[in-house]
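Below, chains carry the letters A, B, ... as their sequence lines are ordered, and counting in each starts from 1.
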Amino acid sequence: AQSVSQHNHHVILSEAASLELGCNYSYGGTVNLFWYVQYPGQHLQLLLKYFSGDPLVKGIKGFEAEFIKSKFSFNLRKPSVQWSDTAEYFCAVTPAQGGKLIFGQGTELSVKP
Amino acid sequence: GAGVSQSPSNKVTEKGKDVELRCDPISGHTALYWYRQSLGQGLEFLIYFQGNSAPDKSGLPSDRFSAERTGGSVSTLTIQRTQQEDSAVYLCASSLRVTEAFFGQGTRLTVV
């Protein structure tokens, strides 16, 4: 069965700082990878996804993530965060052929104006 | 429908009572998931339905928890003899087989 580990539980940044949130997964086969975001009081929504092809994927609101197969990692990045990026971020993995979607513990991001 | 719909949005129940939580997935989505979200605990996988296949129940925390999906659409999560530790937000999501999942707003369950 797959598992996901997010290294940072709570990250505090000032506006315009760069962001990198770590995500590592464990699974013996090919995977699909996702980052979801949950803004305060809102439901989970997709930031970006990786299925195949270019390992550098771009999502909404200037976020991107890089799949490094050799490291089983899918880290999320943003060059310059805004106060509105304050939210909880979740990394998730599912087998490429289909199956349950497993999430990491989440990283709470607080951006100070 | 336009999105995943969950009801009720809030539920307060007495310890020991049974509760049923409902999920209406996006029309045409073959996969349906239930998760539990507790403060500081992330999203805990509960159960996964895919088409007519047997559901993956590996995440259900005890035999007090069960779920069914009728006609490949609506799903009900039932918690019997609720305990205080069952208090959490229960999230439902649906997807096509190998695409991203879309989440509902959740049901906040409080056991008193």
Side-chain angles (χ1 to χ4, degrees), chain A residues 1-10 21 23-27 29-53 57 59-60 63 65 74 87-109, chain B residues 1-7 9-10 23-26 29-61 67 69 75 88-108:
Chain A
Q2 70 271 39
S3 65
V4 180
S5 176
Q6 292 182 240
H7 318 298
N8 315 102
H9 295 295
H10 191 187
L21 301 183
C23 172
N24 285 89
Y25 70 92
S26 173
Y27 184 69
T30 306
V31 295
N32 294 335
L33 294 156
F34 307 86
W35 276 97
Y36 282 82
V37 61
Q38 189 172 33
Y39 297 105
Q42 296 189 25
H43 65 279
L44 278 152
Q45 53 189 285
L46 183 72
L47 260 184
L48 48 77
K49 62 188 178 186
Y50 173 81
F51 286 176
S52 64
V57 292
I60 60 171
F63 286 91
F74 191 56
E88 190 155 17
Y89 293 80
F90 295 92
C91 182
V93 63
T94 187
Q97 72 273 22
K100 62 188 180 186
L101 181 63
I102 297 299
F103 285 80
Q105 292 289 81
T107 297
E108 184 180 351
L109 173 65
Chain B
V4 178
S5 178
Q6 292 187 244
S7 59
S9 54
N10 281 283
C23 174
D24 283 272
I26 293 172
H29 279 190
T30 56
L32 187 146
Y33 313 79
W34 282 99
Y35 297 89
R36 180 166 68 177
Q37 186 175 26
S38 306
L39 195 62
Q41 297 298 313
L43 272 76
E44 178 187 3
F45 167 78
L46 297 178
I47 189 168
Y48 163 63
F49 296 90
Q50 172 56 55
N52 295 320
S53 303
D56 182 334
K57 304 179 182 181
S58 59
L60 294 177
R69 188 177 185 192
S75 177
V89 176
Y90 289 83
L91 294 171
C92 176
S94 71
S95 74
L96 295 172
R97 184 175 171 84
V98 288
T99 62
E100 66 266 29
F102 293 83
F103 281 80
Q105 293 278 24
T107 294
R108 181 175 299 278

Are the aromatic rings of B/F103 and A/F34 close, with centres under 6.0 Å apart?
no
In Å, rounded to the nearest 0.5 Å, how long is the span from NZ of A/K49 to OG1 of B/T99?
6.5 Å
What part of [X] gets closer than 4.5 Å to chain B, counting heavy atoms only: side chain, backbone, both or neither?
X	answer
A/A96	backbone
A/L44	both
A/E108	neither
A/K100	both
A/Q6	neither

Measure distances from [X] to the heavy atoms of chain A and classify the residue's part below 4.5 Å as side chain, backbone, both or neither.
X	result
B/S58	side chain
B/Y35	side chain
B/Q50	neither
B/I47	neither

Counting only heavy atoms not in A/H9, do more than 12 sit closer than 6.0 Å to its NE2 atom?
no
Taking atom CG of B/L39 as the centre, does the number of heavy atoms from other residues, nucleotides or ligands within less than 6.0 Å exceed 12?
no
Just so I understand: if I count every heavy-atom pair under 4.5 Å between each of [options] and chain B, which residue has the most?
options	result
A/G99, A/P95, A/A92	A/G99
A/E88, A/Q45, A/Q38, A/H10	A/Q38
A/L101, A/N32, A/L46, A/I102	A/L101

Do B/Q37 and A/F103 touch side chain to side chain, with heavy atoms closer than 4.5 Å?
no
Residue from B/E100, B/Q105, B/E44 scoring the most non-hydrogen pairs under 4.5 Å with chain A is B/E100
